[in-house]
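Input: a single structure, listed below in structure tokens.
Both ligands and their constituent atoms are indexed starting at 1 by order of listing. We use all heavy atoms of the structure for the numbers below, so side chains are in, but hydrogens, waters and symmetry mates are not. The structure displayed is predicted, hence computed values, not measured ones.
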Amino acid sequence: MLKFDPSDLVRADLKELAPYDARVPPHTVKLDANENPHDFPPEVLECIWQEMKQEIKVRAFNRYPDSMAGALRDKLADLWQVDPACIMAGNGSDELILNLMLTFGSGGRVIITTPTFSMYGVHARVAGAAVQEVPRREDFSLDEEVLLREAGLPEIKKIVICNPNNPTGNAVMPDRVAAVLENTGALVVVDEAYGEFGGESCIPLLAQYPNLVVLRTFSKAYSLAGLRVGYLLAPAGIIEQLLKVKQPYNLSIFSQVAARLVLEHLPVFQARVDEILKERESLYEKLAGLPGVKVFPSEANFILFRTPLPANRVYHGLLEGGVLIRNVSGPLLPDFLRVTVGRSGENEFFLAQLKRVLEG
Ligand SMILES: *Cc1c(COP(=O)(O)O)cnc(C)c1O
């Protein structure tokens, strides 16, 4: 056999890319991934089992699922009062982010407003798009002067705005997004993964702008991260292009049914969101009360903060106490950390451990 080394064959621009590290170290309290701290509601789970028994008569497991997740799409179209042709479901919004990059970003430049969700940059590079960072201002608001200037350049194919923004927690008003939409020939993607927790949705802008895509997910407010369901809203013409790239059977039968049943029980999930919002305010106050800790206001289900200690020391100190949070420290966020809002007891445990680490 001839000499074979996979690293000789890998695409040149992937050689330097490190795989996403999704390892989860041992812990007792998990506040690192912005998941919903409440387990999926048992009464809704029961409905899903019942519904599956019916579904399986129509769609046996040996057959492929509905490629367009039609029943789920119709429910989402009802919810948002848009045409079903303006909705596309994905295997988590992560898949949709990649498909958007592959369809519209490849070979061009994509603007991301940093610090922001790391997968935009990763998926852009995987798709062969160049990433152009437009750093946010010191208070993490969008730097509109730079953004509007860059947005108008012909080589820009796509602009991604996370709203509310992960990991900073702040939101941008839709009229500011509209200003971007009006000043660019590029596609503008607004990721509303945390839209149920705060900020104002850009979905109403869809009626007015042909270049807007809004992303939503079932992973955060709807306790469904494990089933991988996200969706996007966009003009039908944009979805027509995306269908060229979409995996035909990207969403399993089970995930389609589960997400549809979530939409039939929205008040159950809203009550949990309300509880998380109450906990967020209390966690914010308590964090702000710790000596030397700087906390940033959040419209999402997580809180950004920094302490006088190096972020790594705080992160590992907490982990020794069994608390897993996210170290988001980097050039734009020196010694910053991000904690997901958990259930009351989890937040108290985190605060006690943080106190211990800071006093140590
Ligand atoms: C968590 C998160 C998502 C959700 O991804 P899924 O693939 O739907 O689980 C999307 N965007 C941002 C900014 C996130 O933080």
Which atoms of ligand 1 are found less than 4.0 Å from any heavy atom of [X]?
X: Lys220; value: 1 (C), 2 (C), 3 (C), 4 (C), 14 (C), 15 (O)
X: Gly92; value: 6 (P), 7 (O), 8 (O)
X: Ser219; value: 6 (P), 8 (O), 9 (O)
X: Cys162; value: 13 (C)

Ligand 1 contacted by [X] (non-hydrogen, < 4.0 Å):
X: Ala225; result: no
X: Tyr120; result: yes
X: Phe218; result: no
X: Asp191; result: yes
X: Ala193; result: yes
X: Arg228; result: yes

Tyr194 to ligand 1: N or O pair under 3.5 Å?
-> yes
Should Arg280 and Glu285 count as an ion pair when the cut-off is N to O under 4.0 Å?
-> no
Using 4.0 Å as the upper bound for N to carboxylate O, is an ion pair formed by Lys220 and Glu196?
->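 The answer is no: the pair does not qualify as a salt bridge.
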Any side-chain heavy-atom pair of Lys75 and Leu79 under 4.5 Å =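 A side-chain contact under 4.5 Å is absent here.
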Test item: Pro25 and Leu319 side chains (from C-beta on) under 4.5 Å apart, heavy atoms = yes
With Val190, the side chain to side chain contact (heavy atoms under 4.5 Å, CB included) member among Val213, Val180, Leu212, Leu232 | Leu212
Asn163 side chain to Glu192 side chain, donor-acceptor N/O pair below 3.5 angstrom |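 Their side chains do not contain a donor-acceptor pair, so the 3.5 Å distance test is not met.
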Going by atom types alone, do Gln54 and Gln50 pair a side-chain donor with an acceptor below 3.5 Å?
->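 There is no such pair (donor and acceptor under 3.5 Å, judged by atom type) between the side chains of Gln54 and Gln50.
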Any donor and acceptor pair, going by atom type alone, linking the side chain of Thr168 with main-chain N or O of Phe140 inside 3.5 Å?
-> no
Are there more than 12 heavy atoms of other residues, nucleotides or ligands under 6.0 Å from atom CD of Gln247?
-> no
Heavy atoms only, cut-off 4.0 Å: how does [X] contact ligand 1, side chain, backbone, both, or neither?
X: Met119; value: neither
X: Asp94; value: both
X: Ser93; value: both

